[in-house]
Every structure is written in structure tokens, then in C-alpha cells.
Amino acid sequence: MLKRISALMLAGLTAMSVAACGGGSGGTGGSGGGGDAITMGFSQVGAESGWRTANTKSVQDSAKNAGVTLKFSDAQQKQENQIKAIRSYIQQKVDIIAFSPVVESGWETVLKEAKDAKIPVILTDRAVDSKDTTLYKTFLGSDFIEEGKKAGQWLVEEYKSSTDPVNIVELQGTTGSAPANDRKAGFAEVIGAESKFKIVASQTGDFTRAKGKEVMEAFLKSNPDIDVLYAHNDDMGLGAIEAIEGAGKVPGKDIKIITVDAVKDGMQALSDGKINFIVECSPLLGPQLMDLAKKVIKGEQVPARVVTEETTFNQEQAKQALSTRQY
Ligand code: GYE
């Protein structure tokens, strides 16, 4: 027991001294809570979807479990709010900053400010497009191109014996965000191999249910013959289902639907037959984020990229998985 306590104290001291060298506030002990006394500033994208709600909970719960003091802010899907939050974390001299960048570009200035202040940064969930990879320690999150490809592969398989044209509408995520860019690109790459697949309309629904519904209503008005909807997340797909039903069509039958995320509401619609296929994207990044943060603060090596493991679900598989779904 004693041994364990002293080992823990040692680990704590090491972490503190490293944090102190790195310009963090760990050495002051001001954040209380004992242990390693790590303070993390976390800038979240917003609260736009079921995925995001589950991700926020995962980060908050795991910070508590890991004894990390979390300063949390919600940017309401605005880059300027995230930049403000990061600057305020730099001013507060937190030990580490983690954030999920709402869009890919425009981060270099603020990330340089963090680097100059010797505060390490971890990217979580979404990537930045900067070539300078010294601006952050690691990027933890899904492979969105792969997710787009999985969506496309299901479609190719589903229509393999048909030669008729397949008219597809696409609801994109937030313009300029990594998941919107990559899910679009991965999907296009796979279906592009066959000329029968035609994307007849593609527009952003900002990852929200309300926008998904609104844009789908417009799609239905201007395109009388839609075979497939590909939505970059469940929430937009669920909004679109309301629009499809409102137009007197049957979702999952008249219009086949593919979405990404596999949150509970999406999985429910999939097992009810209203969605046809969901590509999973896990929001449960909190535990890995806290582990990585501790390692970075201790000065340990961490991989430059940590990819989340994910699967896919058809309607039968959704029925099986629904009762044990965590989010
Ligand atoms: O798919 C969507 C959310 O960045 C992976 O953001 C995340 C995406 C997720 O709004 O539902």
C-alpha cells in the first residue's frame, strides 16, 4: 500500500515538474483535487448532434475518473469562439489544451500562440489541414475517408445487379469540417467507379436535424426521382426522414438511406426499417484522450495519429445491437 502511494506521489511529482517546465500551472497545486493535478482546457464544437452530446459526456466523465480538472467550453459551431476559448486557456496557463476543430483551416496563428506558451495541444475528433504537425502532439479520432468509403461500398453492393441510373442526394456536414470533406470524398471515390451512380444534389445540413429536414424538403421539391439519400450523420438523416414522410414517401423503401454515427436514435430508425445502413463513428473518445494527455504531460512519446475502431450496421445487426448501445 505504502509503496503504491509513494509510487503515485512520485508519478504526480514528475508530472508536476514536467508541467512546470512546460509552462503549465500544475506546480501551483491551485486546481485542487490532489493526484497529478492536471488542468485541461477543452474547446468543444457545439451541441449540434446526438454524437456531440455523447462525446461531451465521454470527455467530462473521463476527466472526472482520471482526476483531470476540465475547463470546458462550447463554441456553438463557430470557429471564432473556439479561437477565443483557446486564447483564454493559454492565458489561464492550463497544462494542456484539447479541442475538436469545427473546420479544418485557419488554426495556425492560435496554435503557434499555444506552442510559444509551451502548452501542448491534442486534436480530438476532427483534424486541421496545417502542414506544420509540430503545432499539436497527436490527433485522436476516426478515419472519415474510410467511413465515406464504407457508405459507398454498401451502395455498390446494394445495386450490384441493377443497370438503371441511381439518383443520389447528399446531406453534407458542416461546410469546411473534416468529417464533411472526408465523408464526401471517400463516398465519391467508391461510387465514382460506376457511371450509373449520380449525385443529383448535395448541400450542407450543418449536422443538425432541423437543417437536415429543411434541405431534404428542398431536394424533394426539385428532384422528383430520388433513389438514395446519403447523410453525413444520423441527425440529418432523421430530419430528412420527417421530410420524406411529409412528402408521402416511405423512408428506407422509396428512398434508401445511408447515414454515419450509429447513435441510439439512428440505430432505432435503422431497426425500424427507415434507414438502410449506418457507418459507425464512435464519440467515446474521453478515456483515450485523458491517457494521451497524461503521457504528453509526462513527456512520453505518443503516436502522431490514434484512429478509433469502428464497424457498420445493417437493419438486422441494428436490432441485435440496440439494447446494448451506450450512446
Ligand atoms: O459525425 C456528427 C457531429 O465530428 C465525427 O460531428 C464528428 C461529427 C459527427 O456533429 O454527428
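Computation of the quantities below employed the complete heavy-atom set of this structure, encompassing side-chain atoms and omitting hydrogens, waters and symmetry-equivalent molecules. In each ligand, atom 1 is the first atom listed, and ligand 1 is the first ligand listed.
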Parallel, tilted or perpendicular: ring planes of Phe72 versus Phe42, cut at 30 and 60 degrees: parallel
Residue shell around ligand 1, heavy atom under 4.0 angstrom: Glu48, Ser49, Trp51, Arg52, Asp125, Arg126, Phe144, Pro179, Arg183, Phe207, Asn233, Asp261, Cys281
Donor-acceptor pair between Thr134 and Lys115 side chains, under 3.5 angstrom: yes
Arg325 to Tyr327 six-membered ring, cation-pi geometry met (6.0 Å, 45°): yes
Polar contact flag, side-chain donor to acceptor under 3.5 angstrom, Ser73-Tyr89: yes
Name of the residue among Glu170, Gln172, Glu147 meeting side chain to side chain donor-acceptor pair (under 3.5 Å) with His232: Glu170
Ser88 and Gln92 side chains, donor-acceptor separation under 3.5 Å: yes
